[in-house]
Number of protein chains: 2
Amino acid sequence: MPIDTQDRLLNAAEKLFAEHGISETSLRAITTEAQANLAAVNYHFHSKEGLIKAVFARRLEPINQQRLDLLTVAEQQAAPNPPPLEEIITAFLGPALRLSIHPEHGGPHFMRLIGRLFSEPSEFKMVIHEQFEEVRRRFFAAFQAVLPNLGPEELFWRFHFMVGAMAHTAAAGEILEHISGGHCDQSDPEATLRRMTAFVAAGFKADLPAA
Amino acid sequence: MPIDTQDRLLNAAEKLFAEHGISETSLRAITTEAQANLAAVNYHFHSKEGLIKAVFARRLEPINQQRLDLLTVAEQQAAPNPPPLEEIITAFLGPALRLSIHPEHGGPHFMRLIGRLFSEPSEFKMVIHEQFEEVRRRFFAAFQAVLPNLGPEELFWRFHFMVGAMAHTAAAGEILEHISGGHCDQSDPEATLRRMTAFVAAGFKADLPAA
DNA sequence: GTCTATAGGGGGATAGAC
DNA sequence: GTCTATCCCCCTATAGAC
């Protein structure tokens, strides 16, 4: 069955935004890729900005919902204790890292987009940060529960470092394989998830640096 | 003494690129900010692309040179043993994180630019990756020497995670203070360096994840 | 070296026919 | 809902006077 024009536009925009950047992608390029008419974007999304927001909204909500669900399950299983650190980290990183093997949820294209998102100019970021509000709050509380010896400042920094490792990996795309001389294989997201979780968990558990 | 037109253009471009993004910044905005004529960019740098490359070249070479120098010193001090892990990490992260307090070397503007660089579209990245070639090679070897139990694949991934934490922090700018509710203070780069080093060093030393 | 003026192209958005 | 045609703006780059 054929895909709706609206979805073809979203798919084309997602792909081209990820490959060339948002500002670098013209509506003309998008409508050509989607085999739609130039005016279709304005009809369906009112403007380029409307299209951009729609591209992100379509994917972000499910990912963040999945994160919250996984965290909830982990918390219920461990109750009344807090869930182990590694499980919290996996609940956060997993849904994002697994994107690459779910073409029906954007696959590698959206993964690169989301990785790049964090370093976009501030105008774009503001819209998106609201989407992460609840996720940040819930996970922050979960981290505090298993790491009671870390103050909020230190904890926030470590959370930030984790997001950096994740975003950088997501944004890297196939480039990573090239610069590593073939050492880094991204085709298995579960393997990447295990590596990243091990690294990040150790970082969270690190001794406080000497002041 | 007044500053050269060429430098005013580089400074203006650096600032505006960091604030709004490269593609989003027009030569008109740059020449206005620099109080120079529109044609000046083409006269001094031949094209917008020439200006972009000049903006990066001016700052990247000194940073990477400093990294190599710090690594060399650490290696000489520790010889014939490899330098401790923390010193290698500090040699890599320090020159980048300290940028923010050196206005004469671009300060916070270039810091945000360099952080964003890694997630720019591939066209920009290719030019830049060559600049990092030697740094990557030397540091990779240094890491291998102190962490002989890690295979090249695992080591490359951890190197990658470290770069992610650094780039994400650099790109975040003042946003970080807002979203952390004031918890994260970026005004002291040495404190950030200590935090990041502690986190990353623990990550490097983490046990291998179960396959 | 620095300016004005302009060429020449591409962009987003919209009106109005179908 | 979809198309064509077009408006109007802003962009980069350059020619040529000073």
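What's counted below: heavy atoms across the whole structure, side chains too, no hydrogens, waters or symmetry copies. Computed from a prediction, not measured in an experiment: that's the story for all the values here. Labels below follow one simple rule: chain letters A, B, ... track the order of the sequence lines, proteins then strands, and each chain is numbered from 1.
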Any side-chain N or O of N37(A) under 4.0 Å from OP1/OP2 of dG1(D)?
->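 Checking dG1(D) against N37(A), no side-chain N or O comes under 4.0 Å of OP1 or OP2.
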Under 4.0 Å: is that the gap between some side-chain N or O of T5(A) and OP1 or OP2 of dT2(D)?
->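 Answer yes for this pair, as a side-chain N or O of T5(A) is under 4.0 Å from OP1 or OP2.
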What is the distance from [atom1] of [X] to [atom2] of [N], rounded to the nearest Å?
| X | N | atom1 | atom2 | value |
| --- | --- | --- | --- | --- |
| H44(B) | dC3(C) | NE2 | P | 9 Å |
| F45(B) | dT14(D) | CZ | P | 16 Å |
| H20(B) | dC10(D) | NE2 | P | 16 Å |

In B/S/- notation (B base, S sugar-phosphate only, - none; protein heavy atoms under 4.0 Å), nucleotides 9-18 of chain C written 5' to 3' is --BBBB----
Residues R58(B), N11(B); criterion side-chain hydrogen bond (donor to acceptor under 3.5 Å, both in side chains); working and verdict = CA-CA 10 Å; R58(B) 179 172 67 150; N11(B) 292 340; 3.0 Å; yes
What do you reckon, are the aromatic ring centroids of F92(B) and F159(B) less than 6.0 Å apart?
->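 Ring centroids of F92(B) and F159(B) are less than 6.0 Å from each other.
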Pair E134(B) + R138(B), salt bridge at N-O below 4.0 Å =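 Here E134(B) does not pair with R138(B) in a salt bridge, since their nearest N and O are not under 4.0 Å apart.
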Residues R28(A) and E33(A) bridged, charged N to O under 4.0 Å =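 Looking at E33(A) together with R28(A), the answer is no, because their closest N to O distance does not fall below 4.0 Å.
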Non-neighbouring partners of R59(A) that pass salt bridge (charged side-chain N to carboxylate O under 4.0 Å, His left out), sequence neighbours left out =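 Checked R59(A) against salt bridge (charged side-chain N to carboxylate O under 4.0 Å, His left out); matches are E14(A).
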E154(B): salt bridge (charged side-chain N to carboxylate O under 4.0 Å, His left out) partners, not counting sequence neighbours |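 E154(B) satisfies salt bridge (charged side-chain N to carboxylate O under 4.0 Å, His left out) with R195(A), R158(B) only.
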